[in-house]
Amino acid sequence: RVESDSNANAFVVDAGTSIVRIGAGSDIANNSQPKLSVTTPWKASSSTDYDGTLSLVATGGGASGGRGSNIIFTGEDGASARTLAKIDSFKENSTSGDHDGALVFRTRKNGSGLPARLHLLSYAAIFNDDSDDTDFIVESDSNANMLVVDAAANQVVVGSAATVSNHALRVAGSVGGFGGDVADTT
């Protein structure tokens with residue numbers, strides 16, 4: 001065990017449980033302080049899922065939703081350390097023990113702020129919830145712009161990056177249906 005000035009359990013290697021804890025004592029279920037636990041993988045005999053390799057435990061938040069853990073990615077900008085990206089987890093809604101978890105992925109934009117790029121909620125995956133000028137692009141094997149949601153133009157473009165004014169949807173090439181081509185947009 002390594003102690004700091006304010007934490008008797010700053011770094012703990014528990015040989016009996018094969019768990020390494022940072023900022024936590026032996027009671028991992030006690031949520032009185034933020035914790036990071038790294039354990040050996042294990043799985044329940046009735047499950048094929050492994051659990052417990054990395055656990056971040058946060059405190060507080062209350063019953064109606066709230067705080068979870070987060071992972072922060074930092075880097076140097078030449079002058080000091082900056083947060084470049086962040087993954088937040090939180091409890092969505094909780095009533096009578098029923099609760100949902102959510103993740104929010106954030107990345108730095110233009111040197112300031114960490115806007116949410118992706119929300120993974122129990123009911124939806126939401127891209128660009130902050131309404132920034134950030135496009136959503138899906139690439140195929142041979143087309144870098146197979147599907148483009150152009151945020152600035154408020155358009156969905158299939159098969160091309162080029163947008164056309166006054167159209168909400170643009171398809172490059174022919175549009176097919178079950179009975180053959182519906183239209184040729186080339």
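This one's a predicted model, so the numbers in the text were calculated from it and none came from an experiment.
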Where do [X] and [Y] come nearest, in terms of heavy atoms and distance?
| X | Y | answer |
| --- | --- | --- |
| T74 | L84 | C-CD1, 4.1 Å |
| D100 | S122 | OD2-OG, 3.2 Å |
| D132 | A151 | O-CB, 3.7 Å |

If you apply the rule side chain to side chain contact (heavy atoms under 4.5 Å, CB included), what do you find for V148 with V156, and how did you get there?
CA-CA 6 Å; V148 177; V156 176; over 6 Å; no
Nearest 0.5 Å please: distance from the [atom1] atom of [X] over to the [atom2] atom of [Y].
| X | Y | atom1 | atom2 | value |
| --- | --- | --- | --- | --- |
| K86 | I72 | NZ | CD1 | 5.0 Å |
| N70 | R106 | CG | CZ | 9.5 Å |
| L118 | I126 | CG | CD1 | 9.0 Å |
| F136 | L147 | CZ | CG | 6.5 Å |
| I71 | S89 | CD1 | OG | 8.0 Å |

Min side-chain heavy-atom separation T134-K109 under 4.5 Å:
yes
Counting C-beta onward and ignoring hydrogens, is there a side-chain heavy-atom pair between I87 and F73 closer than 4.5 Å?
yes
Who passes side chain to side chain contact (heavy atoms under 4.5 Å, CB included) against A161, sequence neighbours left out?
N145
Scan residues 101-121 for pairs that pass ring-ring contact (aromatic ring centres under 6.0 Å, His included), counting only residues two or more places apart or in two chains.
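The answer is none; no pair qualifies.
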